[in-house]
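These values consider heavy atoms only, across backbone and side chains, with no hydrogens, waters or symmetry-generated copies. Quantities reported herein were computed from a predicted structural model and do not represent experimental measurements.
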Amino acid sequence: MQVHYRLLEQDPDFRLRQAELEQRVNERLMAGAAGLRGSVTTIPAVVHVVYRTSDEKVAAAQVKSQLAALNKDYRATNPDRSSVPPVWLGLVTDARVQFALATRDPTGKKTAGIVYVPTTLGSFPADDSVKAKATGGADGWPSDRYLNVWVCTLADGLLGYAQFPGGPPKTDGVVVLNRAFGTTGTATAPFDLGRSATHEIGHWLNLRHVWSDTEDCTGSDFVADTPTQQHPNYGQPRFPHVSCHNGPNGDMFMNYMDYVDDDAMFMFTAQQVVRMQASLDGPRSSIGK
Ligand code: ARG
Ligand code: ZN
Ligand code: CA
């Protein structure tokens, strides 16, 4: 959210484009949930691995394990979805989005979709510096055609951060901590199921946190089928966890847009999928097919 507020100040048009997108989401909600994109959208992704040590140079197998995890989570084929409390099982929804490593680079040359970029920096704060060669990171590929994923060592205990739709193209994409990326190699419990990327790409497709970044029950995530929730949840909460008069079922802490451990989050809801699909019809309409 720090990154988001900074960008809103730097780029007044971003605020406008976000407002337009909200308008579109509302229109979409009134028109019913059927998407303009009939079936499943495949989004080409490029992974920029920014490394100094050999540990940070995550192997192709680890990158592929991340893609596999994303494709389960975004198609609601993740086996752990059966752990959703029975009251909410009916809300578990296929986002109709999948991800594939890019096979062509921006110039049309064959690529594996993974770019290894050495750096001299020990870690990156959440200031977008990893997104430019000039600041020790890697330049992104055109964000109207690719999902940019930067994988690096992050400062301050961050697992990742993302940019919402409508922001500056050069910094568009998601950043994920190397040790919280994928399910093999250096991926480390409790963040070793690839869900940091699931969460960050949720933001990239316009999802807000389920507690809506306010701690007084007045905020909204603009999603009608997630209960209003007071705080982020961490670890592995036990159902139900009640806040904001949301009993008896309480917080939907098993939603990907909370802050629980990877093995405690397993769902997007129907209305979250409407928001994601609305951004694919709107500001992200040029990406994927
Ligand atoms: N931006 C969040 C953080 O850095 C990401 C949370 C992801 N949660 C997870 N279980 N992987 O804390
Ligand atoms: Zn988040
Ligand atoms: Ca809600």
Given Arg195 and Asp258, is the salt bridge (Lys or Arg N to Asp or Glu O under 4.0 Å) satisfied, shown in steps?
CA-CA 11 Å; Arg195 264 115 191 208; Asp258 206 329; over 6 Å; no
Going by heavy atoms in the side chains, are Val149 and Val46 under 4.5 Å from each other?
no
Can you find a heavy atom in the side chain of Ser279 that is under 4.5 Å from one in the side chain of Leu21?
yes
Can you name the side-chain hydrogen bond (donor to acceptor under 3.5 Å, both in side chains) partners of Asn26, sequence neighbours left out?
none
Taking the side chain as everything from C-beta on, heavy atoms only, tell me whether His203 gets closer than 4.5 Å to Met257.
yes
Donor-acceptor pair, Gln236 side chain versus Ala264 backbone, under 3.5 Å?
no
Looking at Phe253, does the NZ or CZ of Arg238 lie under 6.0 angstrom from its six-membered ring centre and within 45 degrees of the ring axis?
no
Treating Ile, Leu, Val, Met, Phe, Trp and Tyr as nodes and any side-chain heavy-atom pair under 4.5 angstrom as an edge, say whether Val92 and Leu193 lie in one connected cluster.
no
Are any of the side-chain nitrogens in Asp11 or Arg6 under 4.0 Å away from the carboxylate oxygens of its partner?
no
Close side-chain approach of Val117 and Thr119, heavy atoms under 4.5 Å:
no
Is there a side-chain contact between Leu177 and Phe191 in this structure, where contact means two heavy atoms from C-beta onward sitting under 4.5 Å apart?
no
According to a hydrophobic-cluster definition based on side-chain heavy atoms being under 4.5 Å apart (Ile, Leu, Val, Met, Phe, Trp, Tyr only), do Ile114 and Ile43 belong together?
yes
Would you say the side chain of Trp204 lies within less than 4.5 Å of the side chain of Pro165, judging by non-hydrogen atoms?
no
Using a strict threshold of under 4.0 Å (side-chain N to carboxylate O), is an ion pair present between Arg179 and Glu56?
no
State, to 0.1 Å, how close Phe268 and Val273 come at their nearest heavy-atom pair, and which atoms those are.
CB-CG2, 4.5 Å
Counting only heavy atoms from other residues, nucleotides and ligands, does the tally under 6.0 Å from CG of Asp216 exceed 12?
yes
Run the salt-bridge test on Asp172 and Arg284 with the 4.0 Å N-O cut-off and return the result as yes or no.
yes
Only one of Thr186, Thr153, Thr188 clears side-chain hydrogen bond (donor to acceptor under 3.5 Å, both in side chains) with Asn178; which?
Thr153
Hey, does the side chain of Asn71 reach the backbone of Phe99 with a donor-acceptor pair shorter than 3.5 angstrom?
yes
Between Trp150 and His48, is the ring pair (Phe, Tyr, Trp, His ring centres under 6.0 Å) condition met? List the steps.
CA-CA 5 Å; Trp150 286 272; His48 309 274; 5.3 Å; yes
Within the structure provided, determine whether Pro232 and Glu215 are in side-chain contact (heavy-atom separation under 4.5 Å).
yes
Could you tell me whether the side chain of Val49 reaches within less than 4.5 Å of the side chain of Phe181, counting heavy atoms only?
no
Could you tabulate the donor-acceptor pairs under 3.5 Å formed by side-chain atoms of residues 136-145, not counting sequence neighbours?
from   : atom 1 : to     : atom 2 : distance (Å)
Asp139 : OD1    : Lys133 : N      : 2.9
Ser143 : OG     : Pro169 : O      : 3.4

Just checking His199 against His209, ring centres under 6.0 Å apart?
yes
Please report the C-alpha distance between Asp94 and Arg81 in whole Å, then the side-chain angles of each, then the deciding distance to 0.1 Å, and finally whether the salt bridge (Lys or Arg N to Asp or Glu O under 4.0 Å) criterion is met.
CA-CA 11 Å; Asp94 172 5; Arg81 72 191 184 284; over 6 Å; no
Measure across Val97 and Arg75 and return the closest heavy-atom pair with its distance rounded to 0.1 Å.
O-CD, 3.6 Å
